[in-house]
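The next block holds one structure in the form of structure tokens; read it before the comments.
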Amino acid sequence: MDGKLKLIMKPIIDILNERISSAIMSAAGVDCPAVVKPTGDAKFGDYQANGVMAAAKQLKCNPHQLAEKIIDVLDVSDICEEPEIAGPGFINLRIKPAFLEAKLLEINSDANQLGVDEISKAEKVVVDFSGPNIAKQMHVGHLRSTIIGDCIARMYKFLGYDVVPQNHIGDWGTQFGMLCALLEKKTEKKKTNETKTLEDLEAFYKEAKSLYDTDEEFAKTARDAIRGLHNGESFWIGEWNAIVRESQNHYLPIYGRLGVRLTQEDERGESFYKDMLAGIVEQLKKQKLATESEGAICVFPEGFKNKEGAALPFIIQKSDGAFLYATTDLAAMKFRVDELGAKKIIYVTDARQALHFQMLFAVVKEAGWVDDSVELKHITFGTMLGEDNKPFKTRSGETVKLKDLLDEAVERAAVVVNEKNPELPDEQKMQIANAVGIGAVKYADYSNNRDSDYVFSFDKMLAMEGNTAPYMQYAYARIKSIERKAGGKDVNIEAEISNIKELHLVEQQEIDLAKHLLKYSEAIIAAAAECRPNFLTGYLYELAQKFSSFYSACQVLKADEKSRPTRLLLCDLTARTIKHGLNELLGIEVVEQM
RNA sequence: GCGCCCGUAGCUCAGCUGGAUAGAGCAACGGAUUUCUAAUCCGUAGGUCGCAGGUUCGAAUCCUGCCGGGCGUACCA
């Protein structure tokens, strides 16, 4: 790829920003960003530069007159019509049809990237997400971290980063001590060799938890057990292995169903760091950062206060000698920076852990383990609520198992497929129900601002109207249907598209769709920068809407010879973009028919 | 007490480093199918952006205070 092509592959908004910013510089002599944004209203054109008013303020001059001076030195004639000044000093820009057409052809010539440039090469990004607990089924509480993290990993990868997903499994914490203590009690310390199903383990877990909370002696046994495990001297290490294996057999298939790309190779659970933990504590002691307080070993990072206003501890070793999640997180951080060479580490966990991560980040910086060249990000998200606006639970108050949730979504989708398309073969109906059901669950999550809590509702997400997965899958299926019908109408789509020399964008719906197709890169870059999948779903929804308007206004196969290749190309690029966004970035299946 | 998040149309939510008349979807109402899938499209109606100040040419957006909700705040993760 040569330099020229690279330049033009840049998002249009970036090109305009650069051009206008430098025009402001040369016309006014101030370094003031152009602040180019898409216009709120089509009557103002496609993009507007808002920065002139700010520049005029700096210079204490009339913004309108300044805008005129800027336009005089501004050359965007290859992209836009003559810029217009409006209001107090907006510069309004309208994309030239010729540019639109050229750009569309260019995207077509590089269909894998869909007009999106790789912005960075090989910078290593660790994305820490999912992190289910061993010995428990995944429940709805794991859904958000798992799929949001997966989407972030996919977006960064597509943009050219060297992404290392990490699944920080909860396989070494206090809950394990409880399980061991219960095994000890039940078997009188005899190894059993029985394989335990996950259901057994869950029942065990429940029993252990309630004993732990009520029986002080049991709690002590549990703490001893986890300390033993942490010191590598536990009788139960074999049992521990079996429990981990059984749990993997459960959650790896769930990842498969969810279309989440985490594999066993991405797994570095808490136990992976077990040999580092004592050293972590020692080192922080040596650095005089860790001190004993109330029997526990703590670091007191700057600026954190507890209820009484005293320094807030980051506890790295409990008074009973066991390590805890702060210790493993420190070890993981060191490993990621020193061994993996991470330049950016993104932690995807719910918002309740915000304080923990703030303190973690503060500690590693104070210790000098991580310098400013490494970016640490905690990406938070809100809670999934039930329709009663309380944390999502079953009617009997149990946590909802992820498997059950997915099953129900697929079943409900299957009912609709049967209504709409009874004539399809069963196997295909199942496949569609699967794609629609799982897709609806994921999409509903992605399309919400991750900061807010959101109300989970099968009825809403499977309504198949509005901003939902099925709406977009449907748009895709319609395009595929056109392609299938083309043969019967003697239309050779491939030939028509590959022979296109110039486009004829005439109808408003064609132009709107074309313009939106060019904005894919802007959407992905914004979504990745902020780790906000809802920016991407917003883009895709708008694309599907614009396609649907186009579809009902413009005939494709029966279009005249002048229009048809252009329309076929619009269909093709729309389908590819929807497929790419849904499939490659959100991990949601598309279907050929629905 | 302190800290973080949230408060936008009847409901569920967008609103990108402050920008022009605050946008979608659902629900409501009215239209569109001899035409490539109507799981669709077109239109109507609906808002003191929690409240009060402040900064600004301009505030849903930034600052301060208050109200309401959620979460966190020493040995769970």
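To find a chain, count down the sequence lines: A is the first, B the second, and so on, and within it residues start at 1.
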Q) For the base of rA20(B), is there a side-chain donor-acceptor partner from Asn92(A) under 3.5 Å away? A) yes
Q) Out of rU37(B), rG19(B), rA39(B), which has the shortest distance to the side chain of Val416(A)? A) rA39(B)
Q | Nucleotide paired to rG65(B) in any strand shown, Watson-Crick or G-U, under 3.5 Å | A | rC51(B)
(Q) Quick check for you: among rA24(B), rC36(B), rU37(B), whose closest atom lies nearest to any side-chain atom of Tyr541(A)? (A) rA24(B)
Q: Just call it for Gln593(A): base, sugar-phosphate, or nothing, with non-hydrogen atoms closer than 4.0 Å on any strand.
A: base
Q. Under 4.0 angstrom, heavy atoms only, what part of the nucleic acid is Lys558(A) near: base, sugar-phosphate, or nothing?
A. sugar-phosphate
Q: Determine, for Lys136(A) against Glu202(A), whether the closest basic-nitrogen to carboxylate-oxygen distance falls under 4.0 angstrom.
A: no
Q) Across the strands shown, which category fits Cys298(A) at heavy-atom distances under 4.0 angstrom: base, sugar-phosphate, nothing? A) base
Q.
Between the base of rA39(B) and the side chain of Tyr474(A), is there a donor and acceptor pair under 3.5 angstrom?
A. no
Q) Are Asp46(A) and Lys515(A) close enough for a salt bridge, meaning some N to O gap below 4.0 Å? A) yes
Q: Name the nucleic acid region contacted by Ala296(A), choosing base, sugar-phosphate or nothing; use a 4.0 angstrom heavy-atom cut-off, strictly under.
A: base
Q: Could you check whether Asn534(A) gets within reach of a base, just the sugar-phosphate, or nothing at all, counting any heavy atom under 4.0 Å?
A: sugar-phosphate
(Q) Using a heavy-atom cut-off of 4.0 Å across all strands, would you classify Ala86(A) as base, sugar-phosphate, or nothing? (A) base
Q: Name the closest nucleotide to the Pro88(A) side chain, picking from rA39(B), rG19(B), rA77(B).
A: rG19(B)
Q | Spacing of Asn449(A) atom CG relative to rG25(B) atom P, expressed in whole Å | A | 19 Å
Q) What does Phe44(A) touch in the nucleic acid at a heavy-atom separation under 4.0 angstrom: a base, only the sugar-phosphate, or nothing? A) base
(Q) By nearest atom, which of the nucleotides rA39(B), rA74(B), rG19(B) is closest to the Lys37(A) side chain? (A) rG19(B)
Q: Measure from the side-chain heavy atoms of Ser549(A) and tell me the nearest of rU73(B), rA20(B), rC41(B).
A: rC41(B)
Q. Does rA59(B) pair with anything, Watson-Crick or G-U wobble, both distances under 3.5 Å, and if so, with which nucleotide?
A. none
Q: With heavy atoms under 4.0 Å as the rule, sort Ser481(A) into base, sugar-phosphate or nothing.
A: base
Q. What is the pairing partner of rU34(B), taking Watson-Crick or G-U wobble pairs with both distances under 3.5 Å in any strand?
A. none
Q: Among the candidates rU37(B), rA77(B), rC13(B), find the nucleotide nearest to the side-chain atoms of Tyr325(A).
A: rA77(B)
Q: Take atom P in rC4(B) and the same atom in rA60(B), then report the distance between them in whole Å.
A: 24 Å
Q.
Need one value for Lys307(A): base, sugar-phosphate or nothing, where a base atom within 4.0 Å counts as base even if backbone is also close, heavy atoms only.
A. base
Q.
Are the side chains of Leu557(A) and Arg567(A) in contact, using a 4.5 Å heavy-atom criterion?
A. no
Q: Rounded off to whole Å, could you give me the CD-to-P distance for the Glu419(A) and rU37(B) pair?
A: 20 Å
Q. Which nucleotide in the list rC13(B), rA38(B), rC57(B) gets nearest to the side chain of Tyr551(A)?
A. rA38(B)
Q) So what does Ser452(A) touch, heavy atoms closer than 4.0 Å: a base, only the sugar-phosphate, or nothing? A) sugar-phosphate
Q: Quick one: do Glu292(A) and Lys318(A) satisfy salt bridge (charged side-chain N to carboxylate O under 4.0 Å, His left out)? Show the steps, please.
A: CA-CA 10 Å; Glu292(A) 202 214 291; Lys318(A) 302 202 282 184; over 6 Å; no
Q. Ignoring hydrogens and angles, does a donor from either the side chain of Ser293(A) or the base of rA74(B) sit under 3.5 Å from an acceptor on the other?
A. yes
Q | Side-chain ion pair, Lys209(A) and Asp213(A), N-O less than 4.0 Å | A | yes
Q: Using the closest heavy atom to pick a nucleotide of RNA chain B for each, name whichever of Gly170(A) or Val35(A) lands nearer the 5' end.
A: Val35(A)
Q. Taking it one step at a time, do Arg532(A) and Asp451(A) satisfy salt bridge (charged side-chain N to carboxylate O under 4.0 Å, His left out)?
A. CA-CA 10 Å; Arg532(A) 293 192 184 275; Asp451(A) 291 318; 3.0 Å; yes
Q: Select base, sugar-phosphate, or nothing to describe what Asp451(A) touches, counting heavy atoms under 4.0 Å on all strands.
A: sugar-phosphate
Q | Interatomic distance, Asp350(A) CG vs rC76(B) C1' [rounded to whole Å] | A | 13 Å
Q | Along RNA chain B (nearest heavy atom to each residue), the more 5'-positioned of Glu308(A) and Lys489(A) | A | Glu308(A)
Q | Integer-rounded Å distance: rC26(B) P and Asn467(A) CG | A | 10 Å
Q | Complementary nucleotide for rA28(B) - Watson-Crick or wobble, under 3.5 Å | A | rU44(B)
Q. Using a cut-off of 4.0 Å on non-hydrogen atoms, how would the nucleic acid contact of Phe304(A) be classed: base, sugar-phosphate, or nothing?
A. nothing
**Q.** 4.5 Å side-chain heavy-atom contact, Trp172(A) and Thr327(A)
**A.** no
Q: Looking at every strand, decide which applies to Leu355(A) at a 4.0 Å heavy-atom threshold: base, sugar-phosphate, or nothing.
A: sugar-phosphate
Q: Taking atom P in both rA24(B) and rG18(B), compute the distance separating them and give it to the nearest angstrom.
A: 24 Å
(Q) Please check if the number of heavy atoms outside Asn418(A) that lie under 6.0 Å from its CG is greater than 12. (A) yes
(Q) Less than 6.0 angstrom separating the ring centers of Phe90(A) and Phe44(A), yes or no? (A) no
Q: Look at the side chain of Leu312(A) and decide which nucleotide, out of rU73(B), rA39(B), rC16(B), has an atom nearest to it.
A: rU73(B)
Q. Is Val455(A) touching bases, backbone alone, or none of the nucleic acid, heavy atoms closer than 4.0 Å?
A. sugar-phosphate
Q | Ring-base stacking, Phe90(A) with rA20(B) (5.5 Å, 30° cut-offs) | A | yes
Q) Watson-Crick or G-U wobble partner for rU73(B), using a 3.5 Å limit on both distances? A) rG1(B)
Q. Atom CD of Glu510(A) to atom P of rC41(B): distance rounded to whole Å?
A. 18 Å
Q: Taking only the side-chain heavy atoms of Gln353(A) (C-beta and beyond), determine which of rG19(B), rG15(B), rA77(B) contains the nearest atom.
A: rA77(B)
Q. Between rU40(B), rA39(B), rG15(B), which nucleotide has the shortest distance from any of its atoms to the side chain of Phe535(A)?
A. rG15(B)
